[in-house]
Enquirer: 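Please find one structure pasted underneath; my questions will follow.
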Amino acid sequence: MKYTILNFLRQLLLTLLVVFTVVSLVTLLIEFVPGDPATTILGETATQEQLDSFRAKHGLDRPAFFFTVNSEKGFQWNGVDNRYADYWLGLLQGDLGKSFRTDRPVLDMILERYPSTIELALVSMLIAISIAVPLGVLAGKNKNSLIDNFSSFIALLGISLPTFVIGPFLVYLFAVKYQIFAPTYSGNPEDILLPAVTLGAALSAILTRMVRSSVIEELGEDYVRTARAKGLSESKVVYKHVLKNGLIPVVTILGLQLGVLLAGAIITEKIFSWQGLGLLLLDDGIGKRDYRLVQGCVLVISVTYILANSLTDLVYRWLDPRIRLS
Amino acid sequence: MNRLTYIGIAIAILFILAAIFAPLIATHDVTVQNLLARYAMPSGEHWFGTDSLGRDVFSRVIYGARISLQVGITVVTVSTVVGTVIGAIAGFYGGWVDKFLSGYLFNVVLAFPGLLLAIAMVAFLGAGLGKLIFALCVIGWVGYARVIRGQVLKVREYDFVQAARALGASNMRILFTHILPNAIQPLIVQASLGMAGAVLSEASLSFLGLGIPPPAPSWGTMIEEARGLDILYNAPHVLFFPGIAIALTVLAFNFIGDGLREYLDPKQRKR
């Protein structure tokens with residue numbers, strides 16, 4: 001028990017350290033933007049007054065960090081009144097700053113788009129499950145058979161084809177050739193299917209393999225022999241006993257893989273013009289050089305990903321004592 | 001080694017040969033546009049057809065291998081060197097050095113979603129081949145460092161290392177002439193998987209418009225250009241060929257990596 005708590009605290013500390021590093025990184029990376037953000041946003045024709053007021057509004061006239069080191073003045077202490085400390089103070093109050101372009105709070109812009117990304121991730125997860133569980137069970141039950149090889153092949157395709165290849169191919173097949181779905185989001189509920197399959201392809205491939213090996217492992221357990229000896233039908237053995245036990249780790253990990261999907265949705269959102277967080281980052285953030293928005297999006301996406309991974313790790317340790325001990 | 005590994009090696013050799021001899025293999029200039037020959041279907045003149053600007057797709061796919069290989073080799077080499085040095089230091093010195101490096105630094109880099117870090121860096125630093133390679137190295141080195149650290153931890157306890165120490169060899173001599181040569185074998189596996197990762201990341205970033213700018217024929221850029229609805233309607237092969245090229249290359253290096261891992265570590269051989 002003591003061991004578990006200690007492990008938990010270690011994991012928590014590490015997660016906090018990672019989040020701290022991410023925040024530091026996004027705040028300090030903006031210093032490396034070639035040229036000056038004010039000129040980039042306002043253009044070459046802006047007056048000195050406009051530039052100054054833009055810089056003052058977004059804190060760009062203040063020192064970047066607690067200290068500066070340059071060849072002219074050497075080491076210079078700037079005190080606590082700096083942009084790095086500002087960003088942290090704002091962050092602790094739930095403020096991600098204001099967009100360079102629209103002047104709107106970055107947090108509002110992100111919260112507006114986040115639900116679409118979550119929706120996409122959830123649907124793609126559902127699709128991944130509904131492909132992977134039946135396929136994995138069939139493959140595991142009939143190890144080394146034709147169906148097993150077929151499912152391995154499908155899984156291999158899902159893993160090796162990148163999102164940006166699968167997506168346009170699906171668009172070609174289902175939107176251009178057979179015209180079943182719209183190529184990009186048009187407001188109909190079924191428009192989510194193509195992007196969700198694209199995003200969920202890799203997950204369903206990984207999941208199929210997990211379910212398969214889980215089923216094979218469980219089929220060798222004593223309780224399966226008992227169930228068979230009782231005279232239960234093979235399908236009852238598999239679906240009632242084996243699946244129940246074999247799916248515990250799969251499903252738990254899956255639930256937490258949501259974070260990974262959220263972070264991975266950037267490319268899918270671009271392919272299908274899905275108005276989520278990834279497209280906000282690409283089009284409004286990077287495309288329009290709205291660096292404050294880029295900071296916010298990168299921060300939110302990576303923190304989601306990091307928290308999801310840490311949680312997965314924790315739950316996995318809890319589920320599998322062999323990992324806990326090593 | 002299993003059959004898939006040999007298939008992987010064969011495809012990888014084809015890919016490398018295509019990249020090296022691209023000027024001899026390519027049938028057309030990759031940037032020359034011919035608006036009279038747009039959307040041509042595959043034929044004797046244009047083996048893979050032409051794209052929306054009338055450029056020869058076959059030649060662009062061949063030259064695309066060159067970009068992928070260039071990025072892949074540079075990223076893998078730099079990441080291997082940096083990762084080996086840092087991993088060796090962590091494993092050899094142990095103590096607080098190791099606590100900081102493997103306990104903090106490795107975990108931080110590993111915890112970050114790799115592609116997002118690359119996107120963020122390119123967004124702030126600007127696009128271009130050099131910056132792209134830099135960003136991929138920043139996320140890439142840690143895999144090698146972790147492998148080397150584990151190996152060094154194991155090898156430094158061997159008798160011959162103790163013997164060298166007893167003979168009065170310096171730390172550097174022990175690390176570089178005794179420990180490292182015996183620790184680098186698993187790096188081959190990592191490098192092969194790293195190659196697949198780098199090729200994929202380059203294509204992903206170029207697809208997002210954050211990698212190698214057009215008109216350079218990066219496979220990612222080609223797919224981005226080929227996914228317009230009018231192209232999909234008129235000439236789906238423009239999408240098909242670079243897509244197959246990426247998938248085969250990534251698959252090949254993954255096969256090689258997995259195959260070598262099994263070969264080098266009999267415990268992992270399939271049951």
Side-chain angles (χ1 to χ4, degrees), chain A residues 10 14-15 17-22 25-26 28-35 156-157 159-169 171-173 175-177 183-184 216 259-260 262-264 266-267 270-271 278 281-282 285-287 289 291 294-295 297-299 301-302 304-306 309-310, chain B residues 4 103-105 107-117 119-127 131 196 199-201 203-210 219-220 223-224 226-234 236-240 242-255 271:
Chain A
R10 252 189 64 194
L14 186 69
T15 308
L17 272 174
V18 175
V19 172
F20 165 80
T21 312
V22 171
L25 205 69
V26 293
L28 297 177
L29 263 180
I30 204 171
E31 302 311 319
F32 293 99
V33 169
L156 195 67
L157 273 187
I159 292 173
S160 58
L161 285 175
T163 325
F164 57 90
V165 175
I166 297 181
F169 268 112
V171 171
Y172 167 68
L173 270 183
V176 175
K177 198 157 185 192
T184 53
I216 291 173
V260 181
L262 290 173
I266 301 175
I267 293 178
K270 172 160 166 114
I271 298 170
L281 168 66
L282 285 175
I286 299 174
R289 295 173 193 246
Y291 296 113
V294 175
Q295 277 182 323
C297 289
V298 171
L299 187 64
I301 299 175
S302 43
T304 311
Y305 178 87
I306 290 160
N309 265 347
S310 303
Chain B
L4 287 182
Y104 172 66
L105 199 59
N107 283 318
V108 167
V109 181
L110 284 173
F112 214 91
L115 188 65
L116 184 69
L117 183 61
I119 290 176
M121 287 176 57
V122 175
F124 286 115
L125 303 178
K131 285 159 187 164
V199 168
L200 191 58
S201 303
S204 305
L205 285 169
S206 295
F207 174 81
L208 292 175
L210 299 170
W219 290 339
I223 289 178
E224 159 62 16
R227 71 187 188 88
L229 285 180
D230 57 327
I231 303 192
L232 285 183
Y233 191 78
N234 289 311
H237 58 270
V238 182
L239 171 72
F240 186 75
I244 293 290
I246 293 180
L248 280 182
T249 309
V250 171
L251 206 57
F253 283 103
N254 278 333
F255 280 164
R271 278 154 283 177

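Atoms considered below: every heavy atom in the structure, side chains included; atoms not considered: hydrogens, waters and symmetry mates. Every chain is numbered from 1, with letters handed out A, B, ... down the list of sequences.
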Enquirer: Checking side-chain contact (heavy atoms from CB on, under 4.5 Å) for the pair A/Leu17/B/Asn107: CA distance, chi angles, key distance, verdict?
Expert: CA-CA 10 Å; A/Leu17 272 174; B/Asn107 283 318; over 6 Å; no

Enquirer: Please verify the inter-ring angle class for A/Phe169 with B/Phe240; under 30° counts as parallel, over 60° as perpendicular, anything in between as tilted.
Expert: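 Perpendicular: the ring planes of A/Phe169 and B/Phe240 meet at over 60°.
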
Enquirer: Nearest 0.5 Å, please: how far is CG in B/Leu110 from CD1 in A/Ile306?
Expert: 11.5 Å

Enquirer: What part of A/Leu29 lies closer than 4.5 angstrom to a heavy atom of chain B: side chain, backbone, both or neither?
Expert: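 Answer is both: backbone and side chain atoms of A/Leu29 are under 4.5 Å from chain B.
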
Enquirer: So which of B/Ala226, B/Ser204, B/Gly209, B/Gly126 has the biggest tally of heavy-atom pairs under 4.5 Å with chain A?
Expert: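 Looking at each of B/Ala226, B/Ser204, B/Gly209, B/Gly126 in turn, B/Ser204 comes out on top.
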
Enquirer: To the nearest 0.5 Å, what is the distance between CG on B/Leu208 and CG on A/Leu282?
Expert: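 The CG atom of B/Leu208 sits 5.5 Å away from the CG atom of A/Leu282.
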
Enquirer: Please identify, among B/Val109, B/Val250, B/Leu125, B/Leu115, the residue contributing the most non-hydrogen atom pairs under 4.5 Å to chain A.
Expert: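 Top count of heavy-atom pairs under 4.5 Å with chain A: B/Leu125.
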
Enquirer: Counting only non-hydrogen atoms closer than 4.5 Å, does B/Phe255 touch chain A with its backbone (N, CA, C, O), its side chain (CB onward), both, or neither?
Expert: side chain

Enquirer: Is it the side chain or the backbone of A/Tyr305 that comes within 4.5 Å of chain B heavy atoms, both, or neither?
Expert: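 Interface part for A/Tyr305: side chain.
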
Enquirer: CG/A/Leu161 to CD1/B/Ile244 distance, rounded to the nearest 0.5 angstrom?
Expert: 7.5 Å

Enquirer: Tell me, side chain or backbone of B/Leu248 under 4.5 Å from chain A's heavy atoms, or both, or neither?
Expert: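 No part of B/Leu248 comes within 4.5 Å of chain A.
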
Enquirer: Would you call B/Tyr104 and A/Thr21 a side-chain contact if the rule is heavy atoms closer than 4.5 Å?
Expert: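 A side-chain contact under 4.5 Å exists here.
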
Enquirer: What pair of heavy atoms forms the shortest contact from A/Phe164 to B/Ile246, and how long is it?
Expert: CE1-CD1, 3.5 Å

Enquirer: If we define contacts as heavy-atom pairs under 4.5 Å, which of A/Ile166, A/Val22, A/Val26 has the most with chain B?
Expert: A/Val22

Enquirer: Examine whether an atom of A/Leu25 lies under 4.5 Å from a heavy atom of chain B, and if so say whether it belongs to the side chain, the backbone or both; otherwise answer neither.
Expert: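 Answer is side chain: those atoms of A/Leu25 sit under 4.5 Å from chain B.
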
Enquirer: Tell me which of these, A/Lys270, A/Lys177, A/Arg289, A/Gln295, has more heavy-atom pairs under 4.5 Å with chain B than the rest.
Expert: A/Lys270

Enquirer: Measuring from atom CD1 of A/Ile301 to atom CD1 of B/Ile119, what distance do you get when rounded to the nearest 0.5 angstrom?
Expert: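 Answer rounded to 0.5 Å: 8.0 Å.
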
Enquirer: Count the heavy-atom pairs under 4.5 Å between each of B/Ala196, B/Ala120, B/Pro236, B/Ala247 and chain A, then report the option with the highest count.
Expert: B/Pro236

Enquirer: For a quick test of reading the model, state the closest non-hydrogen atom pair linking B/Gly103 to A/Leu14 and the distance between them.
Expert: O-CD1, 3.5 Å

Enquirer: Would you check, one step at a time, whether the test side-chain contact (heavy atoms from CB on, under 4.5 Å) holds for B/Val122 with A/Ile286?
Expert: CA-CA 9 Å; B/Val122 175; A/Ile286 299 174; over 6 Å; no

Enquirer: Are the side chains of A/Ile267 and B/Phe207 in touch, meaning some heavy atoms are under 4.5 Å apart?
Expert: yes

